[in-house]
Amino acid sequence: MTSLPEAAGAVTAVRRKRRFPIQGTDLILVGLAVASTIALTITTGGNLLQPATTRAVLQFLAVPIVIGLAQMVVLAVGQMNLSVGVLTGLSAIISAALMVDGGVTPWLAVPAAVAVGVVAGLINGLLVVATRINGFIVTLATMTVIAGLRYGVNGTGTYQGYSDGLVDFGGSSVAGLPVVFIAAVLVAVAVAFYFRRTLSGRHLLASGGNPVAARLTGISNDKSIVVAHTVSGLLAGVAGVLVLMLSGSVNTSIGDDLLLPSFAAPIIGGVALVGGAVSVLGTCLAAYLVRLVYVAQAQYNINPRWVDLVVGAVVLGAVLVSQSRQGKETS
Amino acid sequence: MRLRATGLVKTFPGVRALDGVALALEPGSVHALLGENGAGKSTLIKILTGVHPADTGTIEVVSDGSDDWHAVSITSPQDAAAAGIGVVHQERNLVPAFSVAENIALQELPHRRGLVDRAAMRQLAADCLAQLDVDLDLDTPVAQLSVAHMQLVEIAKALATKSRIVLLDEPTSTLTPEEADRLYRVVAMLKQQGCSIVLVSHKLEEVFAVSDTVTVLRDGRSVCEGRPLSELDRSAVVDLMVGREFAELSPENMRPPVDPSATPALELAGIATAGGHRDISLAVRPGEIVGLYGLVGAGRSELARAILGLDAITAGTLKVSGTQVKISSVGDALHRYGIGYVTENRKEEGVFLEQTVSRNVAVTIWKKLARWGVIRDRSEVEVLDEYVDRLGIRISGPQQLAGQLSGGNQQKISLAKWLAADCTVLVIDEPTVGIDVRTKAAFHSLIVELAERGMAILLITSDLPEMVTLADRIVVMHHYRITGEVANGTHQYDEASKQIVRLMHGESAA
């Protein structure tokens, strides 16, 4: 691959190899996504391609994508965030409460939902850094606290009709694509840009990839952890807004079923659990694949219990595959 | 740039790692930093690179052609980089998923308004690689590079911060001879460009081939400060490294010689292992202490692990008390053959920190203590009491957690459990790393006493004085092979140490 030129003072050309844009896990996922879409289309007699079905599939893909990215951001620094699901619920319900009980306009209530996520994420990060307790345990605790807060806002009651404008906008489409799906894709592009191009994003990946090297090069690992949890909280807040836009009513149970999907998307998407490497495309594709499992369940009238079993098994399989691959690389 | 450091002192709890060290570096020269294990080289490097700040002492620099010395304070890696000091540590310090270019530029990633300026980053990396005359693809993730290439990336990384002083810590320990040659060509190029290179290496032939001056550390002091290497020959350097004075700790070790015709308690003949050992033959007789000496990485602990059944033995015979055996696990070694293993790494392997001291001591004989599979606390406490007295272990009670004890007492607990097991062979790996002098002396008398009672002891230690004090014979390993054996019946440090150091560096004994 390289050689030392004989002539002294030879200048290395600043050359850039062209690479196929999609590789490795992403390529497999693209193949899987295409294959399962075709299979599902054929076996359901083309039902999947009905405009209404496609719309529904894409609409309900928005939250899993964003929540998967929220988990991916903390995985990047080798952390975990168990509170993303309930935090999505808390953001949605506080925002709804502001609109219904407080008469606040959506123009303020929507940023408030995001702010709730940011604050909670910041607290997660600061707790991890200040206590030096494993992030898994810290967020397990904050998950429970947030679940309690979520209940405290309105008990078991349901908020409805908080903003017709917001819900109408959430149900609308641009160029045949649901607005919420477009929003999720924009978020994904922003996250990809953040990790690829910004100094802050590169620092997170350096901290996750080799904390000792990062420290010796002057990168604060503590700062990386706090930033990662804060961004994760921000994305959970965004997911909360998408929930508000998608459904006309929110209650205490919002977000309970998001924990497994939040891990499923990045893990199946090939994100390293030990940190240091992310894949936004992989996470989005994996979120789509997981979504297809739910679609198949609805199309074939399968008992919903099987869905969790399938998704759980696939996650376990993905972890095993990536582990055996890492083993090969290091040996 | 020139640098001079004077009066550097660094103490860690219980250890004075550096005790007034001086170092002077000239531009355009390669300066070797030598010393035995634990002499303070790593500590000195860590001070110069801001990993550990010095307790006292000054570091001054002056730019080329000027005479305006000014003191610099180096308390963080960034301070060191700002002062123009770059380092290639022994362990790799690269981010595996990042490209060559990004790793080189990582210390100060070029950026504009929060965005990484990739063009500037690649240009900086390309310039640094060109300065080394190395051709590497800038976009390859470093995880895909060979160790030798990673090292070149680390040197380029040091240049990226405009380092005029480059510290190389054991750079060739994991390289093939060809790769080492190329590395030294790069070093020569840096020297030509007026950089000052500090080379830490155990390989004396390399040191003599590439270095101009030398500083030798011993026991945290510089015993030779920046002398031209041309004034010295190898044996003079070895003398400096090993030293002459050796009086402090020597327990009575005047045991009568062991009958050489006795059946060895442990005998290895032509052993090869999956780990890479070849042709290992050695014997330990009852009542004998045989030392296993060598550089870190020579394969000593790995040999111990193979004897204990933790790594596979692929050829040769292993005999315990004259009978050929095949040991498949540590349990097998202990319960069937009476071989105990006091590990080097007591925190991770030797002691259950979260368990009570009584459990820790009794763990090896639970089978013996158990009645119908149940172990009574009282029977454990009885065992503990015996060894607390004999070893002088300081505990508040049998229920104290092992993790609350001092390092020395933890080590005693770790030893006690093997004594309780009543072994015939004991493999002891680095018994006194990180414990204070007094406990060390107590340990030494204990090991001698065990041998007097007829136990066969295979001792692994990197502490040369300790080795000479304790061992009856010293087997020297180099690159997973035995390079020779030194008789040590007289325990005279002067003569034994020189022979050992020569063997250790792969030479035949003089």
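All heavy atoms count here, side chains included; hydrogens, waters and symmetry mates do not. All chains are named by letter (A, B, ...) in the order of the sequence lines, taking the proteins before the strands, and each is independently numbered beginning at 1.
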Handout entry: Flag, side chain of A/S224 to backbone of A/S220, donor-acceptor distance under 3.5 Å
Key = yes
Problem - Among the listed options A/T198, A/V212, A/T217, the residue most often paired with chain B at heavy-atom distances under 4.5 Å - result: A/T217
Practice task
Go through the atoms of B/E102 and report whether side chain, backbone, both or neither lie under 4.5 Å from a heavy atom of chain A.
Solution key: side chain
Problem - Contacting region of B/L109 [heavy-atom separation from chain A under 4.5 Å] - result: both
Problem - Within 45° cone of B/F98 ring axis and under 6.0 Å: A/R202 NZ or CZ - result: yes
Problem - A/L205, part contacting chain B, at a heavy-atom distance under 4.5 Å - result: both
Problem - Leading residue by heavy atom contact count with chain B [cutoff under 4.5 Å; candidates A/A213, A/G208, A/G218, A/A214] - result: A/A213
Problem - Short side-chain to backbone donor-acceptor contact, B/N103 and B/V95, under 3.5 Å - result: yes
Handout entry: Proximal component of B/V51, with respect to chain A [non-hydrogen, under 4.5 Å]
Key = side chain
Completion exercise
Counting heavy-atom pairs under 4.5 angstrom with chain A, the leader among B/D117, B/V116, B/T49 is B/V116
Problem - chain B contact via A/F193 - which portion, at a heavy-atom distance below 4.5 Å - result: side chain
Problem - Neighbour count >12 (heavy atoms, 6.0 Å) for atom CZ, A/R197 - result: yes
Problem - N/O donor-acceptor pair under 3.5 Å between B/E302 side chain and B/H277 backbone - result: no
Problem - B/D169 (side chain) donor-acceptor with B/V200 (main chain) under 3.5 angstrom - result: no
